[in-house]
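Keep in mind the model is a prediction, meaning the values are calculated, not measured. Chain letters run A, B, ... following the sequence lines, proteins first, then strands; residues in each count from 1. All values below come from the heavy atoms of this structure, side chains included, with hydrogens, waters and symmetry mates left out.
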Amino acid sequence: MSEEKIVSGIKFGILSPDEIRKMSVVQVTSPETYEEDGTPRAHSVMDYRLGAIEPGQVCPVCGNTIKGCPGHFGHIELAVPIINVLFVKHIHELLKATCPKCGRLKISPQAFERYRKYLAKLKDRYPYLARLFTEYIKRQAMKATVCPYCGAKQPKIKLEKPTTFIEQYPDSKDTIRLNAREVRKRLEAIPNEDLELLGYDPRDARPEWMVFTAFPVPPTSIRPSILIETGIRSEDDLTHKLVDIVRTNERLREHIASGAPEIIIDDLWELLQYHVTTYLDNEVPGIPPAKHRSGRPLKTLAQRLRGKEGRFRGNLSGKRVDYSARTVISPDPYLSINEVGVPIDVAKILTVPERVNEWNIDELRRYVINGPFKWPGANYVVTPDGRRIDLRYVRDRKSVAESLAPGYIVERHLKDGDIVLFNRQPSLHRMSMMGHVVKVLPGRTFRLHLSVCPPYNADFDGDEMNLHVPQTEDARAEARTLLKVQNHILTPRYGGVIIGAIQDYISGAYVLTIKSTLLEKEEVIELLAAAGVVKEPPEPAILSPRKLWTGKQIVSMFLPEDFNFHGKANISSGPLRCDDINCFWDSYVVVRQGKLLLGVLDKKTIGAEQQDSVLYWLAKEYGVEVAAAFMDKLFRLFIRVLERKGFTLRLDDVAVSEDVQTQILNLLSEAFEKVRNLVEQYSRGTLEVVPGRSLEESLEIRILEVLAEARDKAGEVAVSSLNPFNYAFIMARTGARGNVLNLTQMAATLGQMTVRGERIWRGYMGRPLPHFKRDDLGAIARGFVVNSFFRGLSVTEMFMHAAGGREGLVDTAVRTSQSGYMQRRLVNALMDLYIAYDNTVRDSSGSIIQFAYGEDMADPSKAPHGKIVNVERIVERVLGEI
Amino acid sequence: MPGKRSLQDLSKVLEHELVPKHEVLSVEEGLEILRRYGIKPEQLPWLRASDPVARAIGAKPGDIVRIYRRSPTAGEIVVYRYVVPG
């Protein structure tokens with residue numbers, strides 16, 4: 001081992017021409033890259049000395065083969081100075097801040113001395129402030145109109161994108177173009193002390209080095225050529241660009257030597273500048289990007305580093321990994337929330353290294369004998385001396401199995417009970433990657449419990465997810481203790497349950513727990529069996545004429561015996577509203593001593609993403625294992641309830657009677673009459689103007705009000721005519737799926753379609769579609785849809801509906817991209833903040849960001865919904881009453 | 001740009017209801033704070049000496065300022081600022 005060194009800092013500088021020449025192994029002068037016989041030409045950009053690139057080739061510079069040769073730089077002696085585009089901003093500032101005549105920074109000698117001392121002090125203690133101060137000095141210097149040293153009048157210097165500087169003296173109209181040679185001369189004239197005041201370190205970054213006179217040619221290994229099967233060589237984009245530079249440079253040199261006219265030289269100079277500029281960055285604004293023969297823009301230096309697929313974001317911040325799998329996901333209600341179903345085909349490829357010991361040797365021998373193609377088997381055996389045996393190519397696996405001994409490592413297939421990480425992009429919060437226990441299943445998809453859809457934001461319309469297998473014992477232990485799904489039931493965002501009942505689970509819970517559900521003994525047994533419970537049912541609620549159990553009794557069997565809870569159910573609204581225990585509608589939930597006494601279970605009490613629910617207090621007070629088991633068992637039971645009942649949504653559910661239909665139409669025509677009146681008033685000019693709005697806006701607002709009211713009324717009429725136990729209505733009421741507005745749109749009327757909050761009016765002159773009269777301000781002509789989804793839309797209605805729907809799609813697309821970028825910036829800014837053991841929030845340097853985390857040091861996932869303490873809950877728990 | 005305001009004008013800043021109570025700490029108190037958090041003064045959040053409140057209470061670069069802030073979640077909380085030039 002060589003001496004251990006620690007990086008204490010990194011400093012960037014600019015390569016000086018001397019350095020470029022010093023590190024160069026060859027001066028490149030030949031624009032031709034290959035000789036007739038196909039060997040690289042000396043003094044070309046493919047010179048052998050730039051490094052060994054082919055296997056077996058020995059580098060003439062370092063003597064290494066392709067494996068050891070790091071590659072070597074060459075250089076081009078430029079015939080004329082060339083500005084480095086990447087520094088034009090700095091060059092521009094320096095030119096403006098210094099005197100073109102004497103090169104001094106335009107700060108008076110007294111101020112200079114003062115600033116220098118002050119800056120030295122700042123640099124010591126506040127490097128960040130020092131930088132701000134140099135900016136200030138720079139601005140001061142740029143303001144001067146006369147040089148405080150030589151008294152020369154100062155020109156205005158403009159930067160013409162991307163690399164041309166133009167100056168103009170205040171008393172003349174002429175503009176002078178500065179060529180790169182002149183720019184370099186001026187930069188050379190700036191004294192070191194002046195540069196230090198601007199924050200430059202002249203030892204590592206003299207400004208004249210921002211203008212090339214010698215140009216580095218990177219090693220060939222950085223720009224490998226590709227051999228196509230036909231034997232034709234295809235060079236890297238960088239090589240192409242370097243050839244362009246060499247060719248132009250040599251032509252320029254010849255012309256200068258032969259004394260060609262200035263115009264020709266200037267033209268060539270500009271061309272060389274163009275080549276160098278695009279070599280460094282092919283996306284500089286103001287010039288056309290250099291293109292390949294096929295018309296594809298070249299990928300040059302800056303393009304290799306920049307952007308999502310660039311070196312930094314693509315290769316350094318993000319990497320591709322082994323021991324991972326990706327496939328489509330699908331639901332499986334018979335899994336535990338902690339489990340993930342893994343296809344056998346995947347399990348046969350992903351492996352877990354297991355060290356052989358005397359207790360597992362027999363099992364591992366079995367795996368080795370099974371081999372890589374039969375599950376559960378093994379893919380590799382690693383011997384104690386580090387040799388990897390690939391079981392795919394072993395003919396006699398039995399003898400390998402025989403040779404196993406403690407100390408060997410077997411890379412066995414994934415099997416039931418292994419812990420893996422499961423992830424769905426975008427990984428927006430920590431619940432986007434959780435630990436699951438493997439359950440190997442037939443099929444080709446990953447299977448997951450429906451209750452873990454909300455944290456992943458997953459559905460099954462083709463979503464894919466990733467799976468990673470931890471390879472060390474530490475990683476597995478950490479995954480099991482910290483990352484398992486059950487540890488994430490409570491979200492750290494607002495402290496509520498993010499994993500809970502969704503959709504059918506909620507419908508099922510409601511159907512089971514309503515008062516009218518009475519179960520025969522056989523039914524009780526079937527339901528309990530579905531939940532996998534072996535337990536004596538309680539005394540039946542009804543003994544005669546038959547023994548009958550209530551759904552609430554079944555649910556109570558799964559609650560801890562000393563559990564108490566009270567709170568409103570989701571259905572507690574409108575006519576079913578209940579605010580306390582005296583509840584006729586069964587919409588107030590009361591649990592005493594582990595018995596569900598009153599109320600139905602629905603979204604509010606067992607749903608996902610709810611606060612202060614039954615699930616929440618279960619997880620909080622009895623631990624996440626209890627909550628997880630509660631969900632695993634009971635949710636399966638709820639599904640069985642629905643399966644027995646046959647719960648679905650059918651056309652009848654949203655069909656309304658003739659009678660109601662006429663009522664709805666009457667309501668709507670009344671509203672249309674009102675709209676006509678408003679339009680009438682508007683055209684007569686008697687319409688009342690809404691304060692702060694124009695007459696037209698007032699009309700629109702009034703019309704929208706009238707129509708919205710009409711739709712709501714129509715919806716009310718339709719919904720109240722529905723059977724309260726029809727499936728669509730149950731789902732809307734319990735919060736399982738849909739809402740009253742959806743029902744209204746299905747049963748009564750779609751109502752007003754809008755684009756950007758306005759009635760639809762764009763399209764033809766004075767009308768959105770040619771089906772209408774010009775300047776018709778009536779309801780139908782501006783996108784009011786009279787029909788319901790049940791009745792079906794007319795042609796024009798369908799168009800209006802599509803216009804509104806399109807806006808929604810565009811909005812979501814825009815929102816996701818914008819919030820994604822915001823998230824990226826926030827994460828980059830906050831990623832290394834942490835809460836120290838003294839509860840202060842600190843950054844990576846240990847500086848304090850916040851003196852107490854969140855000012856109250858409360859962790860929302862631990863404290864009850866972010867409050868330090870919930871006194872009422874404690875009282876209820878202790879006394880067992882409200 | 002408005003000219004520099006007088007000290008008198010500045011003292012009005014302290015009377016504004018949104019400006020919490022600031023006080024300059026003595027050297028001993030300051031050292032105690034640094035010891036408590038185990039940090040160098042620069043690792044505290046900064047307060048510019050040109051900040052109106054800093055000027056109103058006469059805080060000079062190098063001082064540590066204690067601020068009693070109202071907090072919606074924690075009632076009152078105490079924070080510190082290190083006064084830097086500028």
Is chain B contacted by the side chain of Tyr837(A), its backbone, both, or neither, given a heavy-atom distance below 4.5 Å? neither
When you measure from the centre of the six-membered ring of Phe851(A), is the NZ or CZ of Arg69(B) closer than 6.0 Å and no more than 45° off the axis? no
Look at the side chain of Glu196(A) and the backbone N and O of Glu193(A), then say whether any donor-acceptor pair between them is shorter than 3.5 Å. no
Residues of residues 824-832 of chain A under 4.5 Å from chain B (heavy atom pairs)? none
When you compare the side chain of Thr134(A) with that of Tyr200(A), does any pair of heavy atoms fall below 4.5 Å? no
Please flag which part of Pro85(B) lies under 4.5 Å from any non-hydrogen atom of chain A: side chain, backbone, both or neither. both
Residue among Asp612(A), Leu618(A), Leu615(A) satisfying side-chain contact (heavy atoms from CB on, under 4.5 Å) with Val497(A): Leu615(A)
Might you work through the side chain to side chain contact (heavy atoms under 4.5 Å, CB included) test for Ser613(A) and Lys604(A), ending with a clear yes or no? CA-CA 6 Å; Ser613(A) 64; Lys604(A) 269 255 175 61; over 6 Å; no
Whatever's closer than 4.5 Å to a heavy atom in chain B on Tyr136(A) counts as neither
Option that, when pairs with chain B are counted at under 4.5 Å, heavy atom only, ranks first among Ile849(A), Leu132(A), Ile848(A): Ile848(A)
Any side-chain to backbone donor/acceptor pair from Glu76(B) onto Tyr68(B)? Under 3.5 Å, distance only. no
Mind checking the CD-CG spacing from Glu855(A) to Asn839(A)? Nearest 0.5 Å is all I need. 13.5 Å
Of all of Gly75(B), Ser71(B), Gly38(B), Pro72(B), which one pairs up most often with chain A through heavy atoms under 4.5 Å apart? Ser71(B)
Are side-chain heavy atoms of Val53(B) and Val65(B) found at a separation under 4.5 Å? no
